[in-house]
Amino acid sequence: MVVSAPGRVNLIGEHTDYNGGPVLPMAIDLRTTVAARLEPRESMSTAVSSFSPGAVTFDINAPDRLGDWGDYVRGVAWAIRTSCQEPLPALRQVSMAIHSDVPTGSGLSSSAALEVAAALALVELFDLPHETRGLAMTAWRAETEFVGVPCGVMDQFASALGRAGHAVHIRCDTLETEHVPFAGTVLVFDTAVHRSLRGSAFELRRTECERALALLREADPALAHLAHASTEQIAAAGMPAVLEARALHVVEESRRVGDSVAELRRSGKLVGEVLNASHRSLRDLYECSSPELDWFHERATTLGGVTGARLTGAGWGGCAIAAGEPASLAQAATLLTAEYEAIFGRRPRSWLTRAADGARVDQAL
Ligand code: GLA
């Protein structure tokens, strides 16, 4: 059987998911495809991939964490077993061949695409009951509890629940989701500055947000999430300036998601100024941008027909997006690529993309 799951870009709502705020990602047409079959005579499972030489092996019934890319697949096997209500019987081993067009380390959620595709492959192979939201949770548990990256739910939900022609609006406090029609084109620009969430400033930002929430709770013990705070509460809390800046970003960015959803519903378009405000806030308040991402934001927004531009994903490198009319974005991509390479000495990659479908079975058993 063959299944696949996409990478994603986040249109708006950055660093809000793990603070109980909303996000608005869309699945993109770069996918990770898994061909899988049962191997009843083998005592170990194996996986090979297009992104790393050699095979990884694991016992599907007792996967160990080994620190290689195979952990994403092992983590999914572990998460499926540990989230079943009834104890699962011993499963037969499997083999998997994986191909991915989602670049790794670029902030397009290659790991979520792999986890969601592997989860779908396993539940289909073993005929386990499942629904899309459950796949997303399985993939998220693999990433956070098994691999050990403290990410929010956005990437796995976007990869599992994406729909062509729609962005996915996720309220990360209740995990309610809705598909918002979005037929527009987005330019995705990979700065080729790679970064990993593990051991990065990402973990520090999470801790800062937890500290800000703890301080706000001194005055309002019922405050469930940082994203639920008001700007007045933040101003009144008298917290250290750095924490105040992080909290302000989260609260204002959550509001920008609401504004963007309302405008998408009204006109089908993203509001450029809202995207630009998001970038400035990530740069100045959340301090997760980079010189390359800032350059993209500034330069792209001077070009005719580009309505707005911002970093997407965690930041500190990776990708940025720009919105506007498709023909203008195509011209902008050519120009920005040449200028970027001349200034930064790195070869960027770019894609003109539209909202794509989430995880799917491409070829049944
Ligand atoms: C990474 C994480 C997501 C989210 C973004 C920032 O992509 O995996 O959960 O926190 O950063 O918005």
Side-chain angles (χ1 to χ4, degrees), residues 1-8 27 31-52 54-100 102 104 109-149 151 153 155-162 357-365:
M1 68 149 10
V2 181
V3 304
S4 63
R8 64 96 190 91
R31 303 184 75 84
T32 297
T33 302
V34 175
R37 69 173 183 215
L38 297 172
E39 297 287 359
R41 281 188 292 279
E42 301 296 332
S43 57
M44 292 293 271
S45 291
T46 54
V48 290
S49 76
S50 58
F51 44 81
S52 185
V56 295
T57 57
F58 55 100
D59 177 356
I60 196 157
N61 295 303
D64 288 325
R65 200 171 93 163
L66 298 181
D68 58 21
W69 69 266
D71 281 355
Y72 293 108
V73 181
R74 299 181 189 106
V76 164
W78 169 86
I80 288 174
R81 181 165 289 282
T82 54
S83 53
C84 275
Q85 308 280 354
E86 304 289 318
L88 264 188
L91 300 174
R92 281 171 287 171
Q93 304 294 335
V94 302
S95 61
M96 290 181 174
I98 302 166
H99 177 270
S100 187
V102 190
T104 53
S109 295
S110 58
S111 61
L114 174 54
E115 290 153 355
V116 172
L120 180 57
L122 292 182
V123 294
E124 287 283 333
L125 269 186
F126 294 111
D127 207 13
L128 298 171
H130 65 277
E131 34 78 47
T132 320
R133 177 179 297 270
L135 280 184
M137 286 308 285
T138 297
W140 181 68
R141 290 191 59 225
E143 178 94 41
T144 53
E145 296 177 43
F146 191 89
V147 179
V149 175
C151 65
V153 296
D155 307 343
Q156 290 78 15
F157 269 66
S159 180
L161 277 85
D357 279 329
R360 63 173 182 232
V361 175
D362 294 302
Q363 197 181 310
L365 279 176

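Scope of the values below: all heavy atoms of this structure, side chains included, with no hydrogens, waters or symmetry mates.
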I'd like to check R74 versus L66 (side-chain heavy atoms, cut-off strictly below 4.5 Å). Are they in contact? yes

Drop me the distance from T132's OG1 to R360's CZ, to the nearest 0.5 angstrom. 13.5 Å

Taking the inter-plane angle between the rings of F146 and W78 on a 0 to 90° scale, is it parallel (under 30°), tilted (30 to 60°) or perpendicular (over 60°)? tilted

Can you tell if the side chain of M96 reaches within under 4.5 Å of the side chain of V48, non-hydrogen atoms only? no

Indicate whether any N or O donor in one side chain lies under 3.5 Å from an N or O acceptor in the other, for S4 and T33. no

Roughly how far, to the nearest 0.5 Å, is the CG atom of L38 from the CE atom of M1? 9.5 Å

Does E39 pair with R37 as a salt bridge, N-O distance under 4.0 Å? yes

With no hydrogens and no angle check, is any side-chain donor or acceptor of S49 less than 3.5 Å from a backbone partner on S52? yes

A113 versus A5, closest heavy-atom pair with distance: O-CB, 3.5 Å

Interatomic distance, R81 atom CZ to C84 atom SG [nearest 0.5 angstrom]: 8.0 Å

Got a second to check how far L135's CG is from H130's NE2, nearest 0.5 Å? 5.5 Å

Interatomic spacing from CG in L125 to OG in S95 - rounded to 0.5 Å: 9.0 Å

What is the minimum heavy-atom distance between L161 and A136, and which atoms define it? CD1-CB, 4.3 Å

Between T46 and V94, is there a side-chain heavy-atom distance shorter than 4.5 Å? no

Test your reading of the model: is there a side-chain donor-acceptor pair from W140 to the backbone of C151, 3.5 Å cut-off? yes

Strictly by modelled atom types, are Q93 and S43 linked by a side-chain donor-acceptor pair under 3.5 Å? no

Is the shortest side-chain heavy-atom distance between I80 and L88 below 4.5 Å? yes

Backbone of S100 reached by a side-chain donor or acceptor of T32 within 3.5 Å: no

For R133, look at atom CZ and say whether over 12 heavy atoms of other residues, nucleotides or ligands are found less than 6.0 Å away. yes

Between S159 and R8, does any side-chain donor sit less than 3.5 Å from a side-chain acceptor? no

In terms of heavy-atom contacts, V76 and A142 come closest through N-CB, 3.6 Å

Can any side-chain N or O of R31 pair as donor or acceptor with the backbone N or O of D357 at less than 3.5 Å? yes

Looking only at non-hydrogen atoms, find the nearest pair between G162 and A27 and report the distance. CA-CB, 3.9 Å

N61 side chain to L91 main-chain N or O, any donor-acceptor pair under 3.5 Å? yes

Taking the side chain as every heavy atom from C-beta outward, state whether T82 and R141 have any atom pair closer than 4.5 Å. yes

Does any non-hydrogen side-chain atom of V147 lie less than 4.5 Å from one of W69? no

CE (M137) and CD (E131) are apart, to the nearest 0.5 Å, by 10.5 Å

